[in-house]
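Below you'll find the structure, written out as structure tokens, and then a few comments.
Read the numbers this way: they start at 1 and go in the same order the structure lists the ligands and their atoms.
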Amino acid sequence: MTGTLKRLLTFSAIAGMGLAFVGSAFAAETLDQVMKRRGLTEKDVLAAAKTYTPTGGRDEFIVFSSGGQSGQVLVYGIPSMRILKYIAVFTPEPWQGYGFDDESKAVLAQGRIDGKDINYGDTHHPAISETNGELDGEWLFINDKANPRIAVIDLKDFETKQIVVNPIMKSEHGGAFVTPNTDYVIEATQYAGPFTNDYVPLSEFNEKYRGAVTYWKFDREKGRIDAAKSFSVELPPYSQDLSDAGKLDSDGWSFTNSFCTERYVGGIESGRPPFEAGCSQKDTDFLHVINWKKAAELVAAGKAQRINDHDVLSIETAVAEGILYLIPEPKSPHGVDVSPDGKYIIVAGKLDTHASVYEFSKIKALIDAKDFADKDPYGIPILDLKKSLHTQVQVGLGPLHNQYDSKPCVVYTSIYVDSQVTKWDYCEGKVLDKISVHYNIGHLMSMEGESTKPKGHYLVSLNKLSIDRFNPVGPLHPQNHQLIDISNDKMELLYDMPLPLGEPHYATAIAADKLQPKVRYQTGWDSRTDQKSEFRTLPGRERIERTGDGTVHVYGTLIRSHITPEIIDVEEGETVSLHFTNVERAQDETHGFALRAHNVNLSVEPGKTVSATFKAEKAGVYPYYCTEFCSALHLEMQGYLLIRPKGVAAEGAALKEGQVYAEEDYTKQVKTNTDTQAVIDSVVEYITQRNFKDFPTVVALVEDATDQLNFAADAKKKMEDFAGAKDWQNATLWAQQWFQYQVKAADIGLRAKTYLDQNGAKVVGK
Ligand code: RUQ
Ligand code: CUA
């Protein structure tokens with residue numbers, strides 16, 4: 001009896017008896033003893049109880065955090081703060097095969113600038129798609145501050161589908177923010193630049209350098225940004241900063257602040273005072289108020305100019321048509337955040353201790369009455385600060401960003417210099433509570449806090465520095481995301497999470513039950529274009545084809561535990577195009593594909609088809625294998641790419657390993673298989689006698705096991721053919737392959753049985 005079978009039978013016997021606990025000489029510690037040993041207070045234990053998630057438990061909220069210059073998005077759960085995934089966006093990521101297979105390379109290629117690959121992004125602000133101002137969990141957008149771009153991520157499979165390059169900006173920051181029905185994704189400039197792609201000297205800064213807000217049209221049906229229907233509004237070179245879209249009362253408008261309206265240009269190397277001095281001379285900068293709905297109508301009416309093949313509404317047109325206004329805002333503002341009801345806009349000034357609450361109805365009244373205090377050098381009407389304000393509240397030193405609670409009028413502001421979060425009432429204009437964080441908070445995030453219906457409960461402080469919070473790991477410290485309980489009057493710090501990827505800026509959280517990601521693709525799926533792949537293939541149809549242009553197309557499949565084909569034989573100079581389809585239907589049965597020396601590393605999730613195209617440049621032997629530990633015989637999931645020198649003929653599969661097996665080996669293997677089948681039958685009986693159809697997890701497992709048994713039947717058929725011809729060598733090998741499928745089926749069956757046992761399945765009888 002083989003070891004695997006022994007294991008199976010033993011497992012089945014134990015499962016039949018029920019698991020017994022083995023006694024131990026060490027008595028378990030009590031809670032008190034653990035608290036004492038670890039120096040925990042009652043408050044610590046309470047915090048632990050609020051965040052600890054037992055095995056198999058789920059989180060209430062899912063967070064999408066910017067991964068900063070890693071160019072990725074981090075996904076984690078609240079309250080457990082367990083990291084679930086890094087979504088590769090602007091940066092290659094081998095585990096996901098991102099940037100290593102042809103399909104994802106094509107996505108990254110959309111982000112090329114001037115024909116150059118840009119293999120990183122500085123991601124700042126993720127935004128989840130909205131329906132009527134509420135987060136709907138379908139799409140995620142994120143910006144790249146360094147190389148003005150926006151990426152579209154599908155929350156059905158957490159994959160990046162599209163990257164668009166801003167056609168006019170040279171730097172950005174105020175993205176991605178969505179309008180209440182995700183009609184547009186907003187992206188605003190940071191450092192001004194010429195709209196054209198040529199050289200313009202800094203002496204022409206005031207005349208030729210510009211800022212802008214781009215409104216990227218999102219086509220929900222296609223799930224892609226439609227660049228042709230997107231447009232921008234030209235703005236002065238004021239170093240625009242964060243933005244937000246109006247909602248409810250302020251729907252149709254968007255707000256963008258700025259921080260260097262001095263239009264100062266540094267030059268420290270030639271003795272000029274630096275940017276930081278020149279950009280903070282004035283007491284106020286400008287909040288830009290834009291009527292994007294009307295702007296879209298103007299563009300549709302042909303009032304835009306075409307710049308770099310993109311519609312741009314000039315400042316002149318924007319002013320003439322009454323869609324662009326400025327309001328002073330206190331020194332070097334940063335965050336601008338519209339309240340859930342859309343009535344207020346809170347701006348935090350980095351160099352001011354106040355947060356300013358603007359009231360949209362007042363702004364609207366001033367605009368309607370054409371009651372302007374002044375005009376800027378570009379002719380844009382300026383509204384009076386005092387007349388636009390609801391109130392200003394002293395919140396602390398260095399306020400940056402604001403997030404709303406589910407409780408009316410309650411907002412939280414991050415206080416960078418003081419390393420605090422201030423909770424305050426923006427209706428009454430008074431501070432309610434403060435909590436210290438560690439250290440130097442940037443953004444903060446409440447649950448669905450940017451929507452019309454914030455969910456409350458938790459707040460995360462996204463700290464810029466962690467200093468002494470964690471075990472040291474060298475000069476580059478992890479980031480620190482701190483979870484704060486905001487359900488009561490006093491804020492309570494619950495948990496510190498080190499993030500080993502940075503630097504996160506903003507994050508967004510959504511109720512977990514709003515996300516419905518799939519567990520497998522339709523077989524033969526190109527996940528990046530969301531269509532059937534033209535390179536898909538099915539088991540039994542694997543083939544190697546040579547096209548006239550010197551390309552060898554390999555149409556292969558991956559399944560536990562083999563790669564078909566196992567030998568790929570090409571000639572030096574040929575182009576190889578591998579196409580692998582994972583024909584598994586089981587959950588979590590991803591196969592990888594790693595090939596030596598060709599920078600090929602694929603991740604092929606169930607159903608997916610991915611390709612890798614490269615030139616066979618150097619004759620040699622190149623093993624390949626599956627990188628995911630997918631089954632007991634995963635190490636055998638292997639193969640060889642043979643690159644023959646020019647002119648050397650292929651040997652084919654004429655291998656001479658000799659005849660190892662005789663008739664008695666064959667008979668022995670068949671006996672083993674028959675015994676195994678009895679185990680499988682008993683498990684099948686156990687499952688089918690129970691209400692397994694009430695458990696979707698088990699239904700999926702049963703489907704998978706049935707698949708494996710079908711493959712087993714196939715192998716058995718081949719075995720019988722060889723046995724009929726008295727070829728005991730091949731008959732035994734196919735008998736062993738039959739056994740491999742049985743083992744997989746039995747393994748899945750036992751998993752299903754355990755699941756039923758642990759989840760209270762009932763006997764239904766026959
Ligand atoms: S920004 S905190 Cu994009 Cu405030 Cu960084
Ligand atoms: Cu597939 Cu290991």
If we check side chain to side chain donor-acceptor pair (under 3.5 Å) with Glu503, which of these qualifies: Gln479, His124, Lys464, Gln69?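 Testing each of Gln479, His124, Lys464, Gln69 against Glu503, the sole residue satisfying side chain to side chain donor-acceptor pair (under 3.5 Å) is Lys464.
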Salt bridge check, [Y] against [X]: does any charged N sit closer than 4.0 Å to a carboxylate O?
X: Arg585; Y: Asp707; result: yes
X: Lys85; Y: Glu159; result: no
X: Glu605; Y: Arg520; result: no
X: Asp704; Y: Arg560; result: yes
X: Asp144; Y: Arg149; result: yes

Close-contact set for ligand 1 against His125 heavy atoms, below 4.0 Å: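 Heavy-atom distances to His125 below 4.0 Å select 1 (S), 3 (Cu).
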Relative to the heavy atoms of His173, which atoms of ligand 1 are at a distance of less than 4.0 Å?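 By the 4.0 Å cutoff, the relevant atoms are 1 (S), 3 (Cu).
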Are the aromatic rings of Phe218 and Tyr184 close, with centres under 6.0 Å apart?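 They do not qualify: ring centres at least 6.0 Å apart.
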Look at the rings of His125 and Tyr506 and say which category their plane angle falls in: under 30° parallel, 30 to 60° tilted, over 60° perpendicular.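 The rings of His125 and Tyr506 sit tilted, inter-plane angle from 30° to 60°.
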Anything protein N/O/S under 2.8 Å from atom 1 (Cu) of ligand 2? Just list residue and atom, please.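 Within the sphere that stays under 2.8 Å of atom 1 (Cu) of ligand 2, the protein atoms of type N, O or S are His591 ND1, Cys626 SG, Cys630 SG, Met637 SD.
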Everything protein-side that's N, O or S and under 2.8 Å from atom 4 (Cu) of ligand 1: list it, residue and atom.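 Checking every protein N, O and S atom gives His334 NE2, His401 NE2.
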Side-chain (Gln403) to main-chain (Ser446) donor-acceptor, under 3.5 angstrom: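 Yes, the answer is positive, given that a donor and an acceptor are paired below the 3.5 Å cut-off.
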